[in-house]
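Nothing here was measured: the structure is a model prediction, and the numbers come from that model.
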Amino acid sequence: MRPPAAPDRTRRRELLLQRDGATCVWCGRPFGSLVQPTTEHVVPRVKGGPSWLENELLACRRCNGQRGHQAPVAWLEECARRGWAPDPDRLLRSLVALQEAVGRRGGQRRARPYLDRELRRLRRRTAPP
């Protein structure tokens, strides 16, 4: 039996809006007619990140394009330096959900160490002093 087909791009965006809200994870700008949401891979595909909903967030086109393949925690810190309003809690939830999905589904040999490193960095960054 074949697994169910993945949702198309429009449906993925709708699901992400429901899950994460209608603001860019990196700069905090609300989505609307002037700021369109794009899907952003938390663990970039070139780093072994899967094309799973758990590995996607919504970002504005500007942030998605400027981030490129930069690590999520490094880009989060860069966004904060620029005076934007990044959402570290949403990023943490996304990384944890992806780690759990990888644990359930298996595989993702290349993405696992990258994901573990980013979770450690983010937890150190957000830990109370």
Side-chain angles (χ1 to χ4, degrees):
M1 179 176 223
R2 294 174 63 181
D8 66 12
R9 179 174 290 184
T10 301
R11 180 68 180 137
R12 290 167 88 87
R13 216 177 355 241
E14 290 170 0
L15 292 169
L16 292 169
L17 279 167
Q18 290 171 9
R19 184 187 75 189
D20 296 334
T23 60
C24 176
V25 66
W26 305 119
C27 69
R29 292 190 303 169
F31 299 127
S33 60
L34 297 177
V35 180
Q36 293 293 312
T38 63
T39 56
E40 164 96 335
H41 287 96
V42 179
V43 176
R45 301 276 298 138
V46 298
K47 302 290 185 181
S51 284
W52 299 346
L53 204 56
E54 295 91 349
N55 190 33
E56 292 182 358
L57 290 170
L58 289 178
C60 67
R61 188 172 308 282
R62 175 189 69 183
C63 289
N64 195 343
Q66 288 183 12
R67 176 183 170 212
H69 303 304
Q70 191 170 355
V73 177
W75 180 242
L76 184 86
E77 292 168 350
E78 174 61 24
C79 292
R81 272 191 296 278
R82 293 179 181 196
W84 299 345
D87 190 343
D89 294 332
R90 191 179 341 165
L91 179 59
L92 179 62
R93 283 192 309 270
S94 180
L95 289 169
V96 168
L98 178 56
Q99 188 177 49
E100 291 169 356
V102 168
R104 277 191 317 273
R105 297 179 188 182
Q108 307 309 316
R109 183 176 51 90
R110 284 182 51 219
R112 285 177 188 245
Y114 183 94
L115 178 58
D116 293 342
R117 182 183 72 237
E118 291 303 302
L119 269 167
R120 279 192 310 274
R121 288 180 68 197
L122 186 56
R123 286 180 172 139
R124 269 196 310 263
R125 182 186 183 280
T126 59

Quiz prompt | Verdict with supporting geometry, Arg13 and Phe31, side chain to side chain contact (heavy atoms under 4.5 Å, CB included) | solution = CA-CA 12 Å; Arg13 216 177 355 241; Phe31 299 127; over 6 Å; no
Quiz prompt | Closest non-hydrogen atom pair, Arg67 against Val42 | solution = NH2-O, 2.8 Å
Self-check item: Arg109 atom CZ, neighbour heavy-atom count above 12 within 6.0 Å
Solution: no
Quiz item: Glu14: what forms a side-chain hydrogen bond (donor to acceptor under 3.5 Å, both in side chains) with it, not counting sequence neighbours?
Solution: Arg11
Quiz item: Does the side chain of Cys24 reach to within under 4.5 Å of the side chain of Val35, using non-hydrogen atoms?
Solution: no
Quiz item: Taking Arg29 for the side chain and Trp84 for the main chain, is one N or O donor matched with an acceptor at less than 3.5 Å?
Solution: no
Quiz item: Just by modelled atom types, is the Gly21 backbone N or O under 3.5 Å from a matching donor or acceptor in the Arg90 side chain?
Solution: no
Quiz item: Hey, are the side chains of Val43 and Glu118 touching, using non-hydrogen atoms and a 4.5 Å cut-off?
Solution: no
Quiz item: Nearest heavy-atom pair of Pro50 and Leu98: which atoms, and what distance?
Solution: CG-CD1, 4.0 Å
Quiz item: What's the spacing between Ser94 OG and Arg19 CZ if we round to 0.5 Å?
Solution: 5.5 Å
Quiz prompt | Worked check of side chain to side chain contact (heavy atoms under 4.5 Å, CB included) between Leu16 and Glu56 | solution = CA-CA 8 Å; Leu16 292 169; Glu56 292 182 358; 3.8 Å; yes
Quiz item: Hey, what do you get for CG (Leu119) to CG (Leu95), rounding to the nearest 0.5 Å?
Solution: 4.5 Å
Practice problem: State plainly whether one hydrophobic cluster holds both Leu76 and Val25, where clusters connect Ile, Leu, Val, Met, Phe, Trp and Tyr through side-chain heavy atoms under 4.5 angstrom apart. | Solution: yes
Exercise. Might you point out which heavy atoms bring His41 and Ser51 nearest each other, and give the distance in Å?
Key: NE2-OG, 4.0 Å
Self-check item: Shared hydrophobic cluster, Trp52 / Leu58 (ILVMFWY, side-chain heavy atoms < 4.5 Å)
Solution: no
Quiz item: How far apart are the closest heavy atoms of Ala59 and Trp26, and which atoms are they?
Solution: CB-CD1, 3.6 Å
Quiz item: Between Leu17 and Ala22, what is the shortest heavy-atom contact and its length?
Solution: CD2-CA, 3.8 Å
Quiz item: Taking side chain as C-beta onward, heavy atoms only, is Glu78 less than 4.5 Å from Arg81?
Solution: yes
Quiz prompt | Leu53 reachable from Val96 in the ILVMFWY side-chain graph, under 4.5 Å edges | solution = no
Exercise. Report yes if some heavy atom in the side chain of Leu57 is under 4.5 Å from a heavy atom in the side chain of Thr39; otherwise report no.
Key: no
Exercise. Quickly, which of Arg125, Arg124, Arg82 forms a salt bridge (Lys or Arg N to Asp or Glu O under 4.0 Å) with Glu77? Name it, please.
Key: Arg125
Exercise. Would you name the heavy atoms of Gln70 and Trp75 that are closest together and state the gap between them?
Key: OE1-CE3, 3.4 Å
Exercise. Answer whether the closest heavy-atom distance between the side chains of Asp87 and Asp20 falls below 4.5 Å.
Key: no
Practice problem: Check whether any side-chain heavy atom of Lys47 lies under 4.5 Å from a side-chain heavy atom of Leu115, and answer yes or no. | Solution: no
Quiz prompt | Arg61, CZ: over 12 other non-hydrogen atoms inside 6.0 angstrom | solution = no
